[in-house]
Amino acid sequence: MDERYDPKKIEPYWQSEWERADLYRTREAPGRPKFYVLEMFPYPSGNGLSVGHLHNYVPCDVIGRYKRMTGFNVLHAMGWDAFGLPAENEALLRGAHPTETVPRYAANFKRQLTISGCAYDWSREINSSSPEYYRWTQWFFLMLLRRGLAYRATGSQWWCDKCRTILANEQVVNGCCWRHTDNPVTKKDLEQWYIKITGYADRLLEDLDGIDWPEPIKLMQRNWIGRSEGAELAFPITGHPKKEVRFFTTRPDTVFGVSFMVLAPEHPLVAQITSGAQRAAVERYASEARRQSEIERMSTVKEKTGVFTGAYAHNVFTKKDIPIWIADYVLMGYGTGAIMAAPGEDQRDFEFAIKYGLEIPRVTAPADGSRPPADRAFPEHGIAINSGFLDGKKTADALRAVCDFAERNGIGKPTVSYRMRDWLISRQRYWGCPIPIVYCKNECGIVPVPEDQLPVRLPPMKDYQPSGTGRSPLANVPEFVNTTCPKCGGPAERETDTLDGFACSSWYFLRFASPHEARAPFDRAAVDYWLPVDLYVGGAEHAVMHLLYARMWTKVMFDAELISFQEPFPVLRNQGVVWAADGQRMSKSKGNVVTPDAMIEKYGADALRLWELFMGPFDEDTKWNESGVAATERFIVRVWSWVRRYVEAGYPQGAPSEQTIHRAHKTLRAVTVQIEQMRFNTALAAMMEHLNYVARLEPTALDRFVVESFVLMLAPMAPYVSEELWRALGHSDSVHLATWPVFDPALAHEDTVTVVVQVNGKVRERLQVAAGTSEDEVKALALSSDAVKKHLGDKTPRKFIFIKDKMLSVVV
RNA sequence: GCGAGAGUGGCGGAACGGCAGACGCGCUGGACUUAGGAUCCAGUGCCGCAAGGCGUGGGGGUUCAAGUCCCCCCUCUCGCACCA
């Protein structure tokens, strides 16, 4: 064993030894419990990994290695979410083609993860942009289509007329195009594919209760789904005998207070009912509303605006005709795109009514009998007033009464509305999974590509420019577009849009179970064995979309009887964000990125890993500080010297003191418990504390258990140095195939404890007593203590509170 | 605006309602050294010579006992955006 710890020497050596032994290959092991640990599917960016990314990968690796040592058959694999906008943008800006860059970048990620000591079964590596993979993404899309969960509808997208292409939200900067920052973007209507995720809204909501996820994430999903109960009602439009305004409300009890209605500017009724006199103003307002950038629409300080359509609806409750307005605060995408305005009970309607001088009836009074406030709306529940047959009813009762009335009279019914909308899955992009659909020019219409003809391959394109029509660049490839109809054999065109990248990441966790299965997306037996994922780890930024889509696809597969579980990730944890030393997000443009490569070069991978674990709680944000890596390297050096002295002494089976044995077991207990809880920082602190003690001991005051248990505890966290130390201790098998040491609870138990004596809540004495000492004994000891006597003075204790092995509180 | 999370030494952070500051960084002193940005030893919340007192963003409260529980307020971070 070398005198000096030299990571540059041992890390590459063990790396190649492990590869030679194929150490991390997951082998089927019947009879052993399985554990599937998974990190969120990364996009292999050209910038490579930073030390921030490792804050996810290293902890997962520790869990995987730890579980393996405790007898689990562990699945830990890695793959690439390789389709997507960044690769395409890079191609457009720099001419670097994704078919070349993606494998190169992925290889770089793999290299970085490997030198960082992360144990993946690389034989299971997958890549969502490979035909072997996206063939099955297409297969899933067709399954959704078959089950009535995919449909076409018009949706509007951002459009830059200089790029002559569709823009993603993130490509719209200050209302202008990202490449033409002085060119305002507009909206363009396109026929696109949607996934009917709203049909799963209730299940997605209910099943949150049964999964072990961080509460904030669950809450975000609940808010995103945004279930609200209410009623859908309709009022006839005056002067248009067959037309009515259908609207959703959560407060049907306020119908007697409805003094006007508001439609979304995009509402189809607008064109039909607007009066001649108002037409010009309405059209002007509608087109302005449409042009508004997201930023403008998001502004909360913006004053409410709107325009009268000149048309009236008939409030069937008050029997009054009420004006119909349009306003951009009513959104076409929610409910029916129309509202009944109850300005007395809704603050937005109130503001609108004030501004345009509309009537503000008050139909809800506070339950305490006071009057509603005059200067604002009263949106809380209360008692119905000025409301005909509802008068005197509590809000909840009035609500039901209106629903009953509406149902009896055929003007509406109770309804549930969701904030969540269907998933727009079409992308007008080249670098994505082609949508396996053909449009027949004869009679057949929309025809799915038969499964045996999958995959629809992405054609190689050397130089792709936008089509200029809003279709993806694929529209420029005649060999791709022109095809024959699978049904009638006649001329047909292929769908040129590609699938949203979230489609690829909605099922990848299944693929790792049988990554090379060629006849199906996955092998049922392998999925039954490995899934669901036992521990899923990723950033909170994926709280909603990815996790919701993946959950929905899982439920669809369950319904299709392809799998036997309904939740893909029963346990989810979020790692914290590692901020750069300057407090900003690490990014190449800010020049504050710290790479694992640089840290490994300077301190070694083990030191980097330990610092990733030690720098703070795994799930909390923290700031990068390089001096910590130097500190964990020092820790490793101290372990090295300690073990080396023991090895050089001929690893004696010495005579450790009772205290040494106790400390070894206590540390082992702490580390075991804390790794299970993913509290790596305190686990490592316990090991440091233990080392501070044992490092002073002579080798003859140690034994194999004391030394080896330490090396074994270190193994998941610092795999290289622990392998080297393990071999130096005379083992011929890898430490990573060894078994996690077991602590003896009796030995880990404290024999002597410090019992604190408080007088009136202040600590006045500390007594060293045997664990389990009785209250009477402690009391006697305490009362005979000078310090306690001094603070008691001549007062008599009134009360004693005794917590065994902890404290005695004396109240006088 | 709504929702969520967080405020503890010079710094990162520990702490089943029960000894606040584990562990580490930094700093101070010392040892060993030609040398030290190496290693080892000691010290290190604040005030105080000491006894002791004060301390977990601020203010109240519950309790024998509060960083931890309750109420009000302040600051920061993240997420969402007029959801009828």
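Chain A is the first sequence line, chain B the second, and so forth, proteins listed ahead of strands; every chain is numbered from 1.
Proximity note for M807(A) (side chain, C-beta onward) versus G79(B), G18(B), C25(B): the nearest is G18(B). The listed nucleotides are G24(B), A84(B), G3(B); the one nearest the side chain of A631(A) is G24(B). Distances from the side chain of R419(A) to the nucleotides G18(B), A84(B), C80(B) place C80(B) closest. The side chain of M688(A) lies closest to G24(B), out of G52(B), G24(B), A4(B). With A22(B), A84(B), A20(B) as the choices, the nucleotide that has an atom nearest any side-chain atom of V763(A) turns out to be A20(B). Among the nucleotides C23(B), A84(B), G3(B), the one closest to any side-chain atom of V330(A) is A84(B). Listed nucleotides C80(B), G52(B), A65(B) differ in distance to W224(A); the shortest reach to its side chain belongs to C80(B).
Within 4.0 Å (heavy atoms only), E689(A) reaches sugar-phosphate atoms of the nucleic acid but no base atom. As judged by a 4.0 angstrom heavy-atom cut-off over every strand, N223(A) is placed among residues touching the sugar-phosphate backbone only. Looking at heavy-atom distances under 4.0 Å, T250(A) makes contact with sugar-phosphate atoms alone, never a base. Within 4.0 Å (heavy atoms only), R764(A) reaches sugar-phosphate atoms of the nucleic acid but no base atom. Residue-level contact check: K218(A) touches neither bases nor backbone, having no heavy atom under 4.0 Å from any strand. Nucleic acid contact for I801(A): base, since at least one base atom lies under 4.0 Å from a heavy atom of the residue. Counting any heavy atom pair closer than 4.0 Å across all strands shown, T754(A) reaches a base atom.
At whole-Å resolution of the value, CE in M220(A) and C1' in A4(B) are 6 Å apart. Rounded to an integer number of Å, the gap from D619(A) CG to A6(B) C1' is 12 Å.
Judged purely by atom type and a 3.5 angstrom limit, T667(A) has no side-chain atom pairing as donor or acceptor with the backbone of H690(A). A donor-acceptor pair is defined here as one N or O able to donate and one able to accept, closer than 3.5 Å; such a pair exists between the side chain of N315(A) and the backbone of F317(A).
In this structure, F235(A) has its ring center under 6.0 Å from that of F247(A). Ring centroids of W423(A) and Y549(A) are separated by less than 6.0 Å, placing the two rings close together. F352(A) has its ring centre less than 6.0 Å from the ring centre of Y329(A).
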All N/O pairs under 3.5 Å across the protein-nucleotides 37-43 of chain B interface:
unit_1 : atom_1 : unit_2  : atom_2 : d
C40(B) : OP1    : R638(A) : NE     : 3.2

Using a cut-off of under 3.5 Å, enumerate the N/O to N/O pairs linking the protein to nucleotides 14-17 of chain B.
unit_1 : atom_1 : unit_2  : atom_2 : d
A14(B) : OP1    : N681(A) : ND2    : 3.0
A15(B) : OP1    : R679(A) : NH2    : 2.4
C16(B) : N4     : K806(A) : NZ     : 3.3

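Proximity of K623(A) to the phosphate of G12(B): no side-chain N or O atom is located under 4.0 Å from OP1 or OP2. Listed pair R348(A) / C83(B) meets the phosphate criterion, a side-chain N or O lying under 4.0 Å from OP1 or OP2. Taking side-chain N and O atoms only, K790(A) has a distance below 4.0 Å to OP1 or OP2 of G52(B).
Between K762(A) and K799(A), the residue anchored closer to the 5' end of RNA chain B is K762(A), taking for each the nucleotide with the nearest heavy atom.
Taking atom P in both A15(B) and G67(B), the straight-line distance is 15 Å, to the nearest Å.
Pairs of Watson-Crick or G-U wobble type, with distances under 3.5 Å, assemble into runs of 3 or more in RNA chain B at these ranges: B:1-7 with B:74-80, B:10-12 with B:23-25, B:26-31 with B:39-44, B:45-47 with B:52-54, B:57-61 with B:69-73.
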